[in-house]
Amino acid sequence: MKNTIVGLGEILWDVFPERKVLGGAPANFAYHISQFGFQGHAVSAIGKDLLGKEILASLEKKHLNYLIEQTDFPTGEVKVKLDNWGVPQYEICEGVAWDNIPFTPAMENLAKQTHVVCFGSLAQRHEVSRNTIHAFLDTMPKDSLKIFDINLRLNYYTKEIVENSLKKADILKINDEEVVKIAQLFGWNAPEKEVCKQLLEKYHLDILILTKGTEGSWVLTPKEESFLPTPKITIADTVGAGDSFTAAFIASHLHGRCLVASHQLAVEVSAYVCQQHGAMPRLADAHLELFK
């Protein structure tokens with residue numbers, strides 16, 4: 001089985017009132033996919049500062065492969081506040097290192113070996129990283145798998161960014177709030193599931209994953225669909241839950257398990273992550289032993 005899987009885009013510190021934890025959706029995905037035995041790589045950029053050094057130290061401690069370029073821009077930070085239900089609100093610093101990820105020879109070489117990549121819209125808010133992401137996608141082998149975790153944040157996306165990403169994607173991960181934004185962006189007046197089916201068809205996607213928080217989740221393909229409820233749990237915080245969902249689903253999918261089995265694992269893993277603090281907890285032994 002081809003083993004190199006990349007999370008490409010932002011890496012940063014999620015700064016809570018009482019602590020800071022390593023975050024960024026692509027890095028979260030890379031960490032969780034590596035827990036399932038794949039060669040996960042976090043690909044991003046940091047500054048020449050203490051926060052950047054702490055990111056590298058944290059990645060080393062987590063035994064996560066990385067290709068992190070150093071830039072003259074500061075390492076990214078996101079100020080996070082949780083509401084009464086543990087749902088995060090973000091204040092995302094601008095002009096940071098992950099806005100300026102360079103496409104280096106080392107990155108080109110990694111792209112040529114990458115079997116699966118997960119990327120989003122947030123790291124495409126600046127032209128430099130946007131060009132790097134698309135250069136990476138265009139350099140990957142033809143039989144590779146491209147996951148667009150749309151990750152719409154604040155006003156850091158445009159219709160052009162979304163469409164260009166969808167055209168290159170094989171799998172789309174989206175949540176219920178993002179479906180509403182996409183329907184508005186595209187001028188589609190339809191229920192969320194119909195919007196998802198339109199996205200599947202228009203962009204020739206293999207799989208669409210729709211998460212709906214406490215209401216459950218859908219996994220749709222042109223021929224199959226699966227709905228599962230969200231387990232009733234005590235939430236610590238939901239940061240990184242969607243990234244762990246994607247990673248678990250992809251790990252199971254790559255091991256040849258059926259759609260429903262892959263969906264079930266994703267639900268269980270994301271529920272577990274919601275019960276932990278931070279986006280990158282170690283998963284339960286029952287999950288980690290699954291593919292050994």
Answer yes when K173 and D243 have at least one side-chain N-carboxylate O distance shorter than 4.0 Å, and no when they do not.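 Salt bridge absent between K173 and D243.
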Value rounded to 0.5 Å, distance of [atom1] in [X] from [atom2] in [Y]:
{"X": "C258", "Y": "H253", "atom1": "SG", "atom2": "NE2", "answer": "11.5 Å"}
{"X": "D14", "Y": "L22", "atom1": "CG", "atom2": "CG", "answer": "8.0 Å"}
{"X": "E215", "Y": "L210", "atom1": "CD", "atom2": "CG", "answer": "10.0 Å"}
{"X": "L110", "Y": "T4", "atom1": "CG", "atom2": "OG1", "answer": "7.0 Å"}
{"X": "L185", "Y": "T158", "atom1": "CG", "atom2": "OG1", "answer": "7.5 Å"}
{"X": "K168", "Y": "I133", "atom1": "NZ", "atom2": "CD1", "answer": "10.5 Å"}

Judged by modelled atom types alone, do [X] and [Y] share a side-chain donor-acceptor pair under 3.5 Å?
{"X": "E10", "Y": "S44", "answer": "no"}
{"X": "S226", "Y": "H263", "answer": "yes"}
{"X": "N151", "Y": "S121", "answer": "no"}
{"X": "S262", "Y": "R257", "answer": "no"}

Whether S129 side chain and I101 backbone form a donor-acceptor pair below 3.5 Å: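 Here the side-chain-to-backbone pair exists.
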Short question: side chain of E108, backbone of T104 - any donor-acceptor pair under 3.5 Å?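 Checked: no pair found.
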How far apart are the closest heavy atoms of Y31 and P281, and which atoms are they?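 Shortest heavy-atom contact: CE2-O, 3.6 Å.
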Identify whether [X] and [Y] are in the same connected component of the hydrophobic contact network (ILVMFWY, side-chain heavy atoms under 4.5 Å).
{"X": "W188", "Y": "L208", "value": "yes"}
{"X": "V128", "Y": "V96", "value": "no"}
{"X": "V179", "Y": "V162", "value": "yes"}

Once you measure the plane-to-plane angle for F119 and H134, does it fall in the parallel (<30°), tilted (30-60°) or perpendicular (>60°) bin?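 Judged by the thresholds at 30° and 60°, the geometry between F119 and H134 is perpendicular.
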What pairs of residues pass the salt bridge (Lys or Arg N to Asp or Glu O under 4.0 Å) test when at least one of them lies in residues 122-134, not counting sequence neighbours?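 For residues 122-134: D99-R125.
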All pairs passing salt bridge (Lys or Arg N to Asp or Glu O under 4.0 Å) where residues 67-81 contributes a residue, at least two apart: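 Those involving residues 67-81 are K48-D72.
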Evaluate the criterion side chain to side chain donor-acceptor pair (under 3.5 Å) for residue pair Q275 and T234; output intermediate values, then yes/no. CA-CA 6 Å; Q275 295 173 80; T234 300; over 6 Å; no
Any pair counted as side-chain hydrogen bond (donor to acceptor under 3.5 Å, both in side chains), so long as it reaches residues 195-210, sequence neighbours left out: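 Qualifying pairs: E163-Y203.
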Identify whether NZ of Lys or CZ of Arg in K193 sits under 6.0 Å from the centre of the six-membered ring of W218 and within 45° of that ring's axis.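 Checked: cation-pi criterion met.
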I'd like to check the side chain to side chain contact (heavy atoms under 4.5 Å, CB included) partners of C118; sequence neighbours left out, ordered by chain and number.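 For C118, the residues satisfying side chain to side chain contact (heavy atoms under 4.5 Å, CB included) (neighbours in sequence not counted) are F29, I147, D149.
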How would you list, by chain and number, every residue that makes a side chain to side chain contact (heavy atoms under 4.5 Å, CB included) with A135, sequence neighbours excluded?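 So A135 forms a side chain to side chain contact (heavy atoms under 4.5 Å, CB included) with F103.
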State which residues pass side-chain hydrogen bond (donor to acceptor under 3.5 Å, both in side chains) with D170; sequence neighbours excluded, sorted by chain then number.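 Here no residue qualifies.
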With a 6.0 Å cut-off on ring centres, are Y156 and H126 close enough?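 No: the rings miss the under 6.0 Å criterion.
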Please report the C-alpha distance between V43 and Y66 in whole Å, then the side-chain angles of each, then the deciding distance to 0.1 Å, and finally whether the side chain to side chain contact (heavy atoms under 4.5 Å, CB included) criterion is met. CA-CA 6 Å; V43 177; Y66 59 84; over 6 Å; no
